Asks: 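Provided herewith is a single structure, encoded as structure tokens, for subsequent inquiry.
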Protein chains: 2
Amino acid sequence: MYDRLFHYIEQYSNSTLSESEKEVLTNTWKPQTLKKKAFFLREGELCNFAGFIVKGAMRQYTVDDNGIEHVSELAIENWWIVDRKSYFERTPATTYIEAWENTEMLVLKRSNLDIILEIPSIKEMFWQMNQRNQIASQQRLNDIVSLPASKRYENLQKKYPAIIERFPQHIIASYLGITKETLSRVRNRIAGKNP
Amino acid sequence: MYDRLFHYIEQYSNSTLSESEKEVLTNTWKPQTLKKKAFFLREGELCNFAGFIVKGAMRQYTVDDNGIEHVSELAIENWWIVDRKSYFERTPATTYIEAWENTEMLVLKRSNLDIILEIPSIKEMFWQMNQRNQIASQQRLNDIVSLPASKRYENLQKKYPAIIERFPQHIIASYLGITKETLSRVRNRIAGKNP
DNA sequence: TTTCTTTGTTGATCTAGGTCATCGTTTTGC
DNA sequence: GCAAAACGATGACCTAGATCAACAAAGAAA
């Protein structure tokens with residue numbers, strides 16, 4: 001169960017974890033399973049845990065003043081899921097995080113974060129993770145203002161085909177910032193062009 | 001000139017810089033001035049410098065396939081300006097960065113980054129900066145899919161009134177993901193509501 | 001099986017915001 | 001000082017995508 005996490009850390013820190021370090025990790029990261037549709041976090045709560053998905057799929061979303069849900073993040077195996085703002089700044093969460101499938105995670109309690117960051121490869125891994133994440137959301141922001149719906153969908157298909165297979169269309173649509181009807185029509189148009 | 005930088009670092013690292021650390025900083029961060037309209041970075045180049053703005057204003061933007069500019073970042077005194085992806089991953093820049101006013105900066109060469117990160121308060125400052133930045137772009141992404149143009153403008157007014165005063169409307173419009181005409185009308189409507 | 005929920009499609013219509021064009025006003029460069 | 005550029009406002013029109021509605025199909029639940 002922990003192997004995926006170790007491997008992830010070693011990959012992104014570009015270094016090897018010692019046995020003692022691995023022990024610290026197993027003492028601070030705890031397994032948690034969530035049934036499909038169960039909430040990992042609700043708006044208004046404190047996000048006390050950061051989760052690494054070992055198996056399953058989750059989605060993060062906000063609810064606006066009109067009660068409309070807007071998907072902000074979709075995550076599957078080997079991804080992190082956390083309300084960063086709430087977790088790092090210890091403020092009430094503005095997002096919901098929900099298991100979309102039955103999901104197994106390893107979760108890091110916020111109060112253990114500082115201990116964990118003493119390990120250089122962990123610090124490096126978090127550093128890289130933040131960097132990558134930031135670049136990705138910058139890219140997403142840019143796409144949303146400069147590309148039409150169809151191009152955004154095609155980009156997602158290219159970049160994260162696995163995501164498209166794991167979530168239904170109305171969730172993907174919301175992630176792309178369009179309605180399910182528009183995504184349905186966009187897919188038809190694209191299919192027409194590539195016979 | 002360096003005082004602003006020192007102060008910024010001490011503020012966000014929540015610690016005090018020693019004299020020797022300050023010396024390292026003055027040896028690695030170099031002053032650079034840019035005339036209005038001069039480029040700090042062009043698409044395709046390597047972003048070899050991260051800039052801290054001491055005085056002035058800059059904008060970062062991309063140009064899409066149709067030649068339309070999309071403002072991705074606006075920065076004034078005490079802000080950083082850098083193409084993160086290019087700087088950290090050493091890949092060709094996808095953005096332009098241009099001085100909007102005559103600007104004084106302190107710039108950190110990419111090859112000095114690793115030296116600088118040895119100083120704990122610097123590492124901490126970068127950590128915080130990345131964290132904040134990430135949260136901000138997440139917020140911006142959320143706003144753009146969930147709020148109408150008028151609300152986005154009002155939010156910007158509340159959050160960064162200084163930005164609105166320093167840049168012309170067509171730049172602000174692009175930053176908000178709308179056209180200058182729409183911003184003009186939106187402002188009229190808002191002015192009508194608050195007589 | 002039967003019922004209920006979730007998912008996806010398609011049509012009709014609407015609208016926020018984009019596009020195009022024009023025209024003052026202000027700034028800037030020389 | 002003057003021409004040229006940059007800036008901002010406003011009108012007329014257009015369109016990508018939203019909204020509303022109806023319906024089919026496929027799971028999931030019972």
Side-chain angles (χ1 to χ4, degrees), chain A residues 35-38 57-59 61 63-71 74 98-102 143-157 163-193, chain B residues 34-38 56-57 59 61 63-71 74 98-103 143-157 163-193:
Chain A
K35 285 247 174 76
K36 189 173 169 162
K37 301 272 163 172
M58 305 185 80
R59 72 162 179 148
Y61 63 94
V63 178
D64 72 18
D65 295 347
N66 304 316
I68 312 285
E69 295 176 4
H70 300 276
V71 173
L74 296 174
E98 176 197 35
W100 193 256
E101 305 172 356
N102 294 333
D143 283 2
I144 225 160
V145 299
S146 62
L147 301 178
S150 57
K151 263 265 162 288
R152 298 213 295 280
Y153 180 70
E154 285 174 329
N155 284 174
L156 181 63
Q157 266 187 323
I163 289 289
I164 293 189
E165 285 161 23
R166 295 287 276 278
F167 295 89
Q169 279 184 39
H170 67 275
I171 298 294
I172 302 286
S174 173
Y175 177 80
L176 292 172
I178 58 180
T179 59
K180 58 192 198 315
E181 292 92 338
T182 295
L183 180 55
S184 173
R185 291 186 243 263
V186 154
R187 281 168 45 95
N188 269 349
R189 258 183 286 144
I190 293 173
K193 278 194 291 189
Chain B
L34 283 178
K35 285 248 174 76
K36 190 172 170 165
K37 300 271 163 173
R59 71 162 179 149
Y61 63 94
V63 178
D64 71 18
D65 295 346
N66 305 315
I68 312 285
E69 295 177 2
H70 299 276
V71 173
L74 296 174
E98 176 197 32
W100 193 256
E101 306 172 357
N102 294 333
T103 300
D143 283 2
I144 225 161
V145 299
S146 62
L147 300 178
S150 57
K151 263 268 155 282
R152 298 212 296 279
Y153 180 71
E154 286 175 329
N155 284 173
L156 181 63
Q157 266 187 321
I163 289 288
I164 292 189
E165 286 160 24
R166 296 286 276 279
F167 295 90
Q169 280 184 40
H170 66 277
I171 299 295
I172 302 287
S174 174
Y175 176 79
L176 292 172
I178 57 181
T179 60
K180 57 192 198 315
E181 292 92 339
T182 295
L183 180 56
S184 174
R185 291 186 241 262
V186 155
R187 279 167 46 93
N188 270 348
R189 259 184 285 144
I190 292 174
K193 277 193 291 188

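Convention: sequence-line order gives letters A, B, ...; per-chain numbering from 1. The figures that follow rest on heavy atoms only: side chains count, while hydrogens, waters and symmetry mates do not. All values derive from a computational prediction rather than experimental measurement.
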Asks: Donor-acceptor check, side chain of A:S174 to backbone of A:V71, threshold 3.5 angstrom: yes or no?
Replies: yes

Asks: Would the distance check show the side chain of B:T103 and the main-chain N or O of B:E101 forming a donor-acceptor pair, the cut-off being under 3.5 Å?
Replies: yes

Asks: Answer yes or no: is there a side-chain heavy-atom contact under 4.5 Å between A:E98 and A:M58?
Replies: no

Asks: Test your reading of the model: is there a side-chain donor-acceptor pair from B:R152 to the backbone of B:L176, 3.5 Å cut-off?
Replies: yes

Asks: At what distance, to the nearest 0.5 angstrom, does CZ of B:R187 lie from OG1 of B:T182?
Replies: 13.5 Å

Asks: Quick one, B:Q169 with B:K180, criterion side chain to side chain contact (heavy atoms under 4.5 Å, CB included). Give me CA distance, side-chain angles, the key distance, then yes/no.
Replies: CA-CA 6 Å; B:Q169 280 184 40; B:K180 57 192 198 315; 5.8 Å; no

Asks: From A:I144 CD1 over to B:I144 CD1, what is the distance, rounded to the nearest 0.5 angstrom?
Replies: 7.0 Å

Asks: Under 30°, 30 to 60°, or over 60°: which ring-plane class applies to A:W100 and A:F167, parallel, tilted or perpendicular?
Replies: tilted

Asks: Looking at B:T179, I'd like to know whether one of its side-chain N or O atoms comes within less than 4.0 Å of OP1 or OP2 on C:dG17.
Replies: no

Asks: How many Å lie between CD on A:E98 and P on C:dT6, as a whole number?
Replies: 11 Å

Asks: Quick one: B:Y153 OH to C:dA16 C1', roughly how many Å, whole number?
Replies: 19 Å

Asks: Between atom CD1 of A:I190 and atom NZ of A:K151, what is the distance when rounded to the nearest 0.5 Å?
Replies: 8.5 Å

Asks: Contact list please: residues 144-152 of chain A against DNA chain C, heavy atoms, distance less than 4.0 Å, in numerical order.
Replies: none

Asks: Please list, for nucleotides 3-7 of chain D, all pairs of protein and nucleotide N/O atoms separated by less than 3.5 Å.
Replies:
from: D:dC7; atom 1: OP2; to: B:H170; atom 2: NE2; distance (Å): 3.1

Asks: What's the CD1-C1' distance between B:I178 and D:dG8, to the nearest Å?
Replies: 14 Å

Asks: Give every pair of a protein N or O atom and an N or O atom of nucleotides 27-30 of chain C that lie under 3.5 Å apart, one pair per line with the distance.
Replies:
none

Asks: With each end axis built from five pairs of C1' atoms, what bend angle do you get for the helix from C:dT1-D:dA30 to C:dC30-D:dG1? Round to 10°.
Replies: 60°

Asks: What is the distance from CZ of B:R189 to C1' of C:dT15, rounded to the nearest Å?
Replies: 12 Å

Asks: Is the side chain of A:D64 donor-acceptor paired with the backbone N or O of A:I68 at a distance under 3.5 Å, no angle test?
Replies: yes

Asks: In whole angstroms, how far is the P atom of D:dG8 from the CG atom of B:L183?
Replies: 9 Å

Asks: I'd like to check the ring-ring contact (aromatic ring centres under 6.0 Å, His included) partners of B:Y153; sequence neighbours left out, ordered by chain and number.
Replies: none

Asks: So, is A:S184 near the phosphate of C:dT9, with a side-chain N or O under 4.0 Å from OP1 or OP2?
Replies: yes

Asks: Check nucleotides 20-22 of chain C for protein N or O atoms closer than 3.5 Å to its own N or O atoms and list the pairs.
Replies:
from: C:dC20; atom 1: N4; to: B:E181; atom 2: OE2; distance (Å): 3.4

Asks: Identify the two heavy atoms, one from B:N155 and one from B:D143, that lie closest to each other, and give their separation to 0.1 Å.
Replies: OD1-OD2, 3.9 Å

Asks: Find the distance A:I172:CD1 to C:dT6:C1' and express it as a whole number of Å.
Replies: 15 Å

Asks: List the steps and the verdict of side chain to side chain contact (heavy atoms under 4.5 Å, CB included) for A:H170 and A:E69.
Replies: CA-CA 11 Å; A:H170 67 275; A:E69 295 176 4; over 6 Å; no

Asks: Pair B:N102, B:L34 - check side chain to side chain contact (heavy atoms under 4.5 Å, CB included), show working.
Replies: CA-CA 6 Å; B:N102 294 333; B:L34 283 178; over 6 Å; no

Asks: Applying side chain to side chain contact (heavy atoms under 4.5 Å, CB included) to B:H70 and B:Y61, what does each step give before you reach the verdict?
Replies: CA-CA 5 Å; B:H70 299 276; B:Y61 63 94; 5.8 Å; no

Asks: Report the distance from atom CD1 of B:I68 to atom C1' of C:dT19, rounded to the nearest whole Å.
Replies: 10 Å

Asks: Could you tell me the separation between the CG atom of B:N66 and the P atom of D:dA16, rounded to a whole number of Å?
Replies: 13 Å

Asks: Indicate yes or no for a side-chain donor-acceptor contact from B:R166 to the backbone of B:G56 under 3.5 Å, with no hydrogens or angles considered.
Replies: yes

